[in-house]
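Have a look at the structure below before the remarks.
The figures that follow rest on heavy atoms only: side chains count, while hydrogens, waters and symmetry mates do not.
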Amino acid sequence: MAELLLICAVLAFIELDTTYLGQVLISRPTVAGSIVGLLSGDFFLGLQLGIFTELIYLDFMPIGGVVPPSGAISCGVAVIMAQFFDVDIYFAFFVGIIGGLAFSFVEKELRRLRARVLPQQEKALKENKTSAACVLFQSLLLQFLAVYAFLLVCVSVIGPVFGGISAKIPEHLHMAFKFSYFVVPWIGLAGLLLSFSAKPKSD
């Protein structure tokens, strides 16, 4: 359990790299998945899930007000589901994708919260009641705790529930998800090829 809590904390820190801190690309699914896989004892599982997630989220960029699904959370949740709850890798992958999509809604609410408290923070800065470093630290801490809480919900609720019902899933659904999982890289590569082959619009 302590190992799982540590992995969730590391993943929450990695997620900060998406837009809030560093932006050195450790939050890219391939890197994040590899790190979580290494910490959980199966580097190559994390690498595979990271690459597959990367191919799905390759065109999603957190630019401006756009809140894309979190690739780091998607592959991290997938690795956790597979490693700690014995969920088949093809089910774990799609649970991770759903987790990444779900967190995008949490992220939107966090941004709305920041927008509401921004005037008070600005006033406090002008009156020297706080410092820019303190405001920045509070913002990063809020983001870290929100991601950590989200991951704890995933591992304490979704993991045990899905782990319990996965053995009762009909065989034809296993086959369908397995096929879908192995089709993912081809879909991702096809999208990548289209992106590279797209010609710029003429003026």
Distance-only polar pair, side chains of Gln143 and Glu107, donor-acceptor under 3.5 Å: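 Yes, a side-chain donor-acceptor pair sits under 3.5 Å.
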No-hydrogen, no-angle side-chain donor-acceptor test under 3.5 Å, Ser27 and Glu15: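 No, no side-chain donor-acceptor pair sits under 3.5 Å.
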Work out which heavy atom in [X] is nearest to a heavy atom in [Y]; give both atom names and the distance.
X      : Y      : value
Gly71  : Thr53  : O-CG2, 3.9 Å
Leu49  : Cys75  : O-CB, 4.2 Å
Arg116 : Gln120 : O-OE1, 3.0 Å
Glu54  : Pro29  : OE1-CD, 3.3 Å
Phe144 : Ala9   : CE1-O, 3.3 Å

Main-chain N/O of Leu45 paired with Asp42 side-chain donor or acceptor, under 3.5 Å: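 It does hold such a pair.
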Check: Gly96 main-chain N/O paired with Ser74 side-chain donor or acceptor under 3.5 Å: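 Side chain of Ser74 to backbone of Gly96: a pair is present.
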Cluster overlap Leu6 with Leu39, hydrophobic side-chain contacts below 4.5 Å: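 Yes, Leu6 connects to Leu39 through the hydrophobic network.
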Cluster overlap Leu101 with Ile80, hydrophobic side-chain contacts below 4.5 Å: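 Per the 4.5 Å side-chain linkage, Leu101 and Ile80 are co-clustered.
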Quick one: [atom1] on [X] to [atom2] on [Y], what's the gap to the nearest 0.5 Å?
X      : Y      : atom1 : atom2 : answer
Leu142 : Arg114 : CG    : CZ    : 5.5 Å
Phe91  : Asp86  : CZ    : CG    : 14.0 Å
Leu11  : Leu151 : CG    : CG    : 5.0 Å

Determine whether [X] and [Y] make a side-chain contact, defined as any pair of heavy atoms from C-beta on separated by less than 4.5 Å.
X      : Y     : answer
Phe150 : Ile73 : yes
Val79  : Ile7  : no
Phe52  : Thr30 : no

Val155 and Phe85: CA distance, side-chain angles, deciding distance, side-chain contact (heavy atoms from CB on, under 4.5 Å) verdict: CA-CA 9 Å; Val155 301; Phe85 299 100; 4.3 Å; yes
